[in-house]
Each structure stands twice: as structure tokens, then as C-alpha cells.
Peer 1: 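First, the structure itself, so that you have it in front of you.
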There are 2 protein chains.
Amino acid sequence: MYTIGQVSEMFHLPISTLRYYDKEGLFPDMQRQSGIRRFSDREIEALRVIECLKASGLEIKDIKQFMAWCSEGAATYSLRKELFETRRKAVEAEMKELQKTLDMINFKCWYYEKALADGSEENIIEMLPDKLPPAIQKYYDNAHK
Amino acid sequence: MYTIGQVSEMFHLPISTLRYYDKEGLFPDMQRQSGIRRFSDREIEALRVIECLKASGLEIKDIKQFMAWCSEGAATYSLRKELFETRRKAVEAEMKELQKTLDMINFKCWYYEKALADGSEENIIEMLPDKLPPAIQKYYDNAHK
DNA sequence: GTAATACCTAAACCTGACTTTAGGTCAAGT
DNA sequence: ACTTGACCTAAAGTCAGGTTTAGGTATTAC
């Protein structure tokens, strides 16, 4: 059992954020002792899942829905499983997007390195798109698909 | 040369967003013809870079700074290069975060699949953390590091 | 000539996720 | 007794990144 201050330190989250999560219904079963929140292992695990779902791009109101399902027991296993499968697809898509972004960034890093060495961008434009170093080719392709 | 409507279709961005970007200074050199914006190749390329920098997590006001550097010519090559190198680090970090998130999601998918097969979560808790299927082990480790 | 389109601006509005403020309770230490 | 520290609430404020609204111009289509 932990106080809000302890949980705040454990997760490096402001107390105000924990209270906000609680107000939004993310800890539907949290107990209180004369008004004071008691975070049990259940809430600690919930918080880990909250961070995961948030990082996957899920909104607070949908995390609330998930937490409500958790309170409902075995009847919602398949809903919960489907939610995580949808999250998996979303995260995989996001990672692909980020890989494309990284490709373009790498191209730009190469580009400015060349511009710095040349003192101008002129000849870089000229050498595109056929004379690119092979390692840079895909970044260019990606950036100009 | 394109009108705002054509660019809107090319990039699948609302016209209001393009005007907002312009207002925020993201197209510092855009020309107008009797009040109407003319998007040249320069602005089209700028828009590609804007999408890249946005996807990398950069804020609009910092993208504006970058676009201003582009207008200043060769004197800012190294600033621009450093910006992209910083973006590379940020994106790489974000991808690592997303991989951890994905690991936990995969664990949860496995968990609910097992819960559904068993009809209860009881025995799953019991079989943790030593008897996990090897393919799932790292997801659990990650989720409970 | 008038109606439909496509463009324009300034300013207000919106959303999600918090954070801050203002005021209050309660237990422990001095 | 009284101050300190950790907790509490409701409500207002903040911020980024847009979107919507209200009113206007300019060109083409009939």
C-alpha cells in the first residue's frame, strides 16, 4: 500500500497527474482511508498499463473504458485482448512511420554534411537522384517517393 | 506553382492547416499573386520537411526557426545539420520507447489469450515469472523491469 | 448579371492532457 | 498551542495544434 506521494516518486509523475487520472476514472477500485487514497498493487499495475496504453497512443477516456473492463472480470477478457491487438497494430504502424521519418532525417544529415563540405547546396541538387551514395539512396527514395 | 487547394489535396491536409502553418511562419518566402498564395517547389519541399520534423516530435515554433535558417543560406548549414542530428537522436529514443511498449502489449495479448483459454486469470498469475514461454519472457521482463 | 467556386483575413473556438490556485483537513513534532 | 508537511477538493488556467466562424474579394460558368 502506497500513498500518492510515494507513487508519485516511484513513477516520476506529478501528484496532480495521479489525482487527475483518478478523477478521470483510471483507478475505479482504489480504496481510501479517511479520504486519503491508498494505492495497492492493483493500482500500481494499473499505472504500468496506463503508461503503456498512453505510449501506444490511446486516449484517457479509452484507458478508462479498459480499466472499467478490468473491474468487470472474466466477461471482458476478449474485449481486453482485442484492445491490445488493436494497440499492437497502432504501435507497429507508428514504428513504420518513425522509420520513414528517420530515413528522411538521415538523408538530411548527409545532405547538410555535404553542403558544409562544399560550402553550397548547388552541386548536391545536381548529383541527385542518380549519383547518391548507396547507403543514402533509400533515404532519398523515401523522402521523395 | 500550386494553389492552396491543390496542395491541400496533394498532402491530404486541410486548407485551414496550410494557412495556419503560413501564419506561424513556416513558409517565410512564399509568394502571392494579388493576395493569393502561390506554393512553389520550395514550399512543397518545405512541407515535406515540416511533416518530417513534426513526426520527429519538433514543435511548430522550432520548425519555424529551421525554415528561417533555410532562408538565411549557407551561413546556417551547421545549425541545420545539428538540428537533424538532434532529431535523429530523438526519433531513435522514441523508437526504443515504442519497442518497449510493443513488448508489453505483446505480453498482454499473450496474457489475455491464456486467460480466455483458461476462463480465469488465476493460474496465469501463478505461472509467473518463471514458467513463461521463452518467446514471452522478454515481454514480461520488460513489463516488470 | 448573377450565382457558384475558390480564394482571403481576423478572431473566436475547440480538444486533450494536464497544472495551478485557493481554500480546507489531519497527524506529528516542538 | 501551533506550525509543518502531506494529504484533500473544485474550479480555473494553460498549452499546442489546429478548426470554425463571419465577413469579404475575385474569377469563371451560365
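Below, read A as the first sequence line, B as the second, and so on, with proteins coming before strands; counting in each chain starts at 1.
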Peer 1: If you pin A:G35 and B:K61 to their nearest nucleotides in DNA chain D, which one's is more 5'?
Peer 2: A:G35
Peer 1: For A:R32, answer base if it contacts any base atom (sugar-phosphate contacts may also be present), sugar-phosphate if it contacts only those atoms, and nothing otherwise; contact means non-hydrogen atoms under 4.0 Å.
Peer 2: sugar-phosphate
Peer 1: So if I take every side-chain heavy atom of A:T3 and compare against C:dC7, C:dT19, D:dC7, which nucleotide ends up nearest?
Peer 2: D:dC7
Peer 1: How do A:S34 and B:Q6 order along DNA chain C: which one's closest nucleotide is nearer the 5' end?
Peer 2: B:Q6
Peer 1: Are the side chain of A:Q31 and the backbone N or O of A:D29 linked by a donor-acceptor pair below 3.5 Å?
Peer 2: yes
Peer 1: Taking only the side-chain nitrogens and oxygens of B:R37, find out if one of them lies under 4.0 Å from OP1 or OP2 of C:dT9.
Peer 2: yes
Peer 1: Over how many whole Å does the gap from B:I63 atom CD1 to D:dA16 atom C1' extend?
Peer 2: 12 Å
Peer 1: For the pair A:S56 (side chain) and A:R87 (backbone), establish whether a donor and an acceptor sit closer than 3.5 Å, ignoring hydrogens and angles.
Peer 2: no
Peer 1: OP1, OP2 of D:dG18 versus side-chain N and O of B:Y21: anything below 4.0 Å?
Peer 2: yes
Peer 1: I'd like to know if the side chain of A:T76 reaches the main chain of A:L79, judged simply by a donor and an acceptor atom lying under 3.5 Å from each other, with no hydrogens or angles considered.
Peer 2: no
Peer 1: Before you tell me yes or no, could you show the steps for A:D62 and A:K54 under salt bridge (Lys or Arg N to Asp or Glu O under 4.0 Å), namely the whole-Å CA-CA distance, both residues' side-chain angles and the distance that decides it to 0.1 Å?
Peer 2: CA-CA 10 Å; A:D62 297 317; A:K54 238 166 59 79; over 6 Å; no
Peer 1: State whether B:K23 places a side-chain N or O below 4.0 Å from either non-bridging phosphate oxygen (OP1 or OP2) of D:dT19.
Peer 2: no
Peer 1: Just checking A:E24: base, sugar-phosphate only, or nothing, at a heavy-atom cut-off of under 4.0 Å?
Peer 2: nothing
Peer 1: What is the distance, rounded to the nearest whole Å, between atom CD1 of A:I15 and atom P of D:dT9?
Peer 2: 12 Å
Peer 1: For D:dT9, take OP1 and OP2 only and decide whether either is under 4.0 Å from a side-chain N or O of A:R19.
Peer 2: no
Peer 1: Mind checking whether A:E85 and B:I105 have side chains closer than 4.5 Å, heavy atoms only?
Peer 2: no
Peer 1: Tell me: CE of B:M30 to C1' of C:dC8, nearest whole Å?
Peer 2: 12 Å
Peer 1: Rounded to whole angstrom units, what separation is found between the CD atom of A:Q33 and the P atom of D:dA6?
Peer 2: 18 Å
Peer 1: A:K64 has an atom NZ; how far is it from atom C1' of C:dA17, in whole Å?
Peer 2: 15 Å
Peer 1: Could you check A:F11, A:Y21, A:F27, A:Y2 and say which one makes a ring-ring contact (aromatic ring centres under 6.0 Å, His included) with A:F39?
Peer 2: A:F27
Peer 1: What's the CG-P distance between B:L18 and C:dC8, to the nearest Å?
Peer 2: 10 Å
Peer 1: From the options D:dG18, C:dC8, D:dC7, select the nucleotide whose nearest atom is closest to the side chain of B:I4.
Peer 2: C:dC8
Peer 1: Write down the distance between CG (B:D62) and C1' (D:dG17), rounded to a whole number of angstrom.
Peer 2: 14 Å
Peer 1: Among D:dC8, C:dT9, D:dG18, which nucleotide sits nearest the side chain of B:I60?
Peer 2: D:dG18
Peer 1: The side chain of B:Y20 is closest to which nucleotide in this list: D:dC8, D:dG18, C:dC7?
Peer 2: D:dG18
Peer 1: For a quick check of understanding: with a heavy-atom distance under 4.0 Å over all strands, which category does B:T17 fall into, base, sugar-phosphate or nothing?
Peer 2: sugar-phosphate
Peer 1: Whole angstrom is fine here: how far is it from CZ in A:R38 over to P in D:dC8?
Peer 2: 10 Å
Peer 1: How do B:G57 and B:I36 order along DNA chain D: which one's closest nucleotide is nearer the 5' end?
Peer 2: B:G57
